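For reference, the structure discussed in these notes is given below.
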There are 2 protein chains.
Amino acid sequence: MRRGMTKAQEVAYDLREQIESGQLAGGDALPSESKMMSQYGYSRETIRAGVRLLIDEGLVVTGQGQGKYVREDYPPVVWNWTTLESRSRHATAVEGQTAGDQWASAIEENGNAPRQEITVSIVEPPAHVRECLELPADGLAVARKRIRYIDNRPYALADSYFPQELVSGTPLMEPRDVSAPGGILASVGLVQAKYRDEISVRMPTRQEAELLALPAATPIAEHTRTGYDADGRPLRCMVTILPGDRHKILYEVDTD
Amino acid sequence: MRRGMTKAQEVAYDLREQIESGQLAGGDALPSESKMMSQYGYSRETIRAGVRLLIDEGLVVTGQGQGKYVREDYPPVVWNWTTLESRSRHATAVEGQTAGDQWASAIEENGNAPRQEITVSIVEPPAHVRECLELPADGLAVARKRIRYIDNRPYALADSYFPQELVSGTPLMEPRDVSAPGGILASVGLVQAKYRDEISVRMPTRQEAELLALPAATPIAEHTRTGYDADGRPLRCMVTILPGDRHKILYEVDTD
DNA sequence: AAGTGGTCTAGACCACTAA
DNA sequence: TAGTGGTCTAGACCACTTT
């Protein structure tokens, strides 16, 4: 046994080496537990503890039915938050079809099939959103909650919140994609002059993991964009949950 | 036993409820394993498996010496990437003391004690950095690797890479803080006209976890900023590893 | 039917820390 | 010294999938 390592750590160390060296490539099956038990002469739970270390590092996923596999991620979707806001201002209108919103059309341009499940409701927003929108303690918000799929795989949760008085009675209250030149806010006569993005990184909640079908040890970025009008009044707050294994966030900025 | 739950999940469910309801607050100790064994009548490994589910969710940390505790995070350091680049242009010079770099002075303004360990070396950069700097396959880079501490707790890893020919023989090659109006690039006569930020989210490598003293289930953001001159030539690539439990990333953008 | 992993038990020994 | 958790074992039973 290696110096200063438990037996489980030794198993993890050996497997990690094989993975990092490419000897075990992404998608390959790990040796079975019984194989490793006889190879090392360790008990089953010890072998399992070793493999669990790699699962917690995100290097190994456990196939539903049987077998454990070296984790293999699809190339991440690049999410350009800089151009997302401005792209629609320059876009030519799409004729003869429902173009969907900015996200959906960006995905379509890439040759993939976007889909969103949208539910609209009037809610007491979560504390963080309430702060962003500068709502009073009893202020209500219109929430548009979406689950975004690409090629029928879940990719992100995107919940938009609007101060109720700004949007009641507008198309924003309908649970459908909203496509409009200038973006969803422009469609109800609001102009966004500034935005503020906040990104934090954490493990998903149980619910988020379930909705997004996340493998073990998949962290998420919580991206909150608050949009303001020219007077600095908050118009919208969008909270997006981006799984780390399928997203890359991009900003492009010209230094003035 | 609850329907559709294993015993371990039941234990996790109960504890999670107590944590989310505030009945168990941040920093509180969980009941001991033996207490829960007699409370539930389950074996020790089963109880431990239940608690492990919460550890993997990032809700529970296992105290160094003994005891398990509800996770309690310090308020995150807000990292404003928009102003970090421009702040130094407007900053008044600090007289009579070594001001450190932009990061250090931002932390000091907040009343905390920054510290960095810097090592400078000439390296073959990692593939991702090579791409960002548009270096040929055998191109070398000057690497400034820093470990950043606040009040003697590690906060981030920040590795900057410069194309070798741009900086050889400049103060950038010395392993010291570089403080200059206009930023570190200006100090060697380079002007950054544009930058491009890439953020991805993942679990830390073993090494990162060790350098940053990360608790279990602490994901990180890998932030890569590439700076370009007015002709679009890459000047610098900075890779920052930001632990999710102590950072929040901020961007503030005026829609043009 | 054979092989996989998932769950669970009842022990054991150890290192550490607090009283 | 008593109590904590960390590691490890040798079983067992189960659900699932592949052949």
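Just so it is clear: chains get the letters A, B, ... in the order the sequence lines come, proteins before strands, and each one is counted from 1. Nothing here was measured: the structure is a model prediction, and the numbers come from that model.
- Salt-bridge annotation for E20(A) and R206(B): absent, with no side-chain N of the basic residue lying under 4.0 Å from a carboxylate O of the acidic one.
- Straight-line distance from the CE atom of M37(A) to the P atom of dG3(C): 14 Å, rounded to whole Å.
- OP1 or OP2 of dG6(D) sits under 4.0 Å from a side-chain N or O of T62(B).
- For dG6(D), one of the phosphate oxygens OP1 or OP2 lies less than 4.0 angstrom from a side-chain nitrogen or oxygen of R48(B).
- Donor-acceptor pairing under 3.5 Å is recorded for the side chains of T218(B) and R71(B).
- With sequence neighbours left out, the salt bridge (charged side-chain N to carboxylate O under 4.0 Å, His left out) criterion links R196(A) to E198(A), E252(B).
- Surrounding CD of E210(A) are at most 12 heavy atoms belonging to other residues, nucleotides or ligands under 6.0 Å away.
- Checking V201(A), L214(A), L242(A) one by one against I220(A), the side chain to side chain contact (heavy atoms under 4.5 Å, CB included) holds for a single residue, L214(A).
- Distance CD1 (I55(B)) to C1' (dG6(D)): 11 Å, rounded to an integer number of Å.
- Near DNA chain D, meaning a heavy atom under 4.0 Å away, the residues from residues 23-32 of chain B are S32(B).
- Aromatic pair H223(A)/W79(A): centroids not less than 6.0 angstrom apart.
- The interatomic distance linking E33(A) (CD) with dA12(D) (C1') rounds to 15 Å, in whole Å.
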Atom pairs under 3.5 Å: protein N/O with N/O of nucleotides 9-11 of chain C:
{"unit_1": "dT9(C)", "atom_1": "OP1", "unit_2": "K7(B)", "atom_2": "NZ", "d": "3.0"}
{"unit_1": "dT9(C)", "atom_1": "OP2", "unit_2": "S43(B)", "atom_2": "N", "d": "2.9"}
{"unit_1": "dT9(C)", "atom_1": "OP2", "unit_2": "S43(B)", "atom_2": "OG", "d": "2.8"}
{"unit_1": "dT9(C)", "atom_1": "OP2", "unit_2": "T46(B)", "atom_2": "OG1", "d": "2.4"}

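- The backbone N or O of W81(B) lies less than 3.5 Å from a partner atom in the side chain of R225(B), making a donor-acceptor pair.
- Per the geometry, CG belonging to L53(B) stands 12 Å off C1' belonging to dG6(C), to the nearest Å.
- Between K68(A) atom NZ and dG3(C) atom P there is a gap of 17 Å when expressed in whole angstrom units.
- Side-chain proximity of A8(B) to dT7(D), dT7(C), dC8(C): nearest is dC8(C).
- In this structure, the side chain of R246(B) engages the main chain of P154(B) through a donor-acceptor pair within 3.5 Å.
- Judged by distance alone, the side chains of E10(B) and Y40(B) never bring a donor and an acceptor atom under 3.5 Å apart.
- One finds a side-chain N or O of S34(A) lying less than 4.0 angstrom from the OP1 or OP2 phosphate oxygen of dT4(C).
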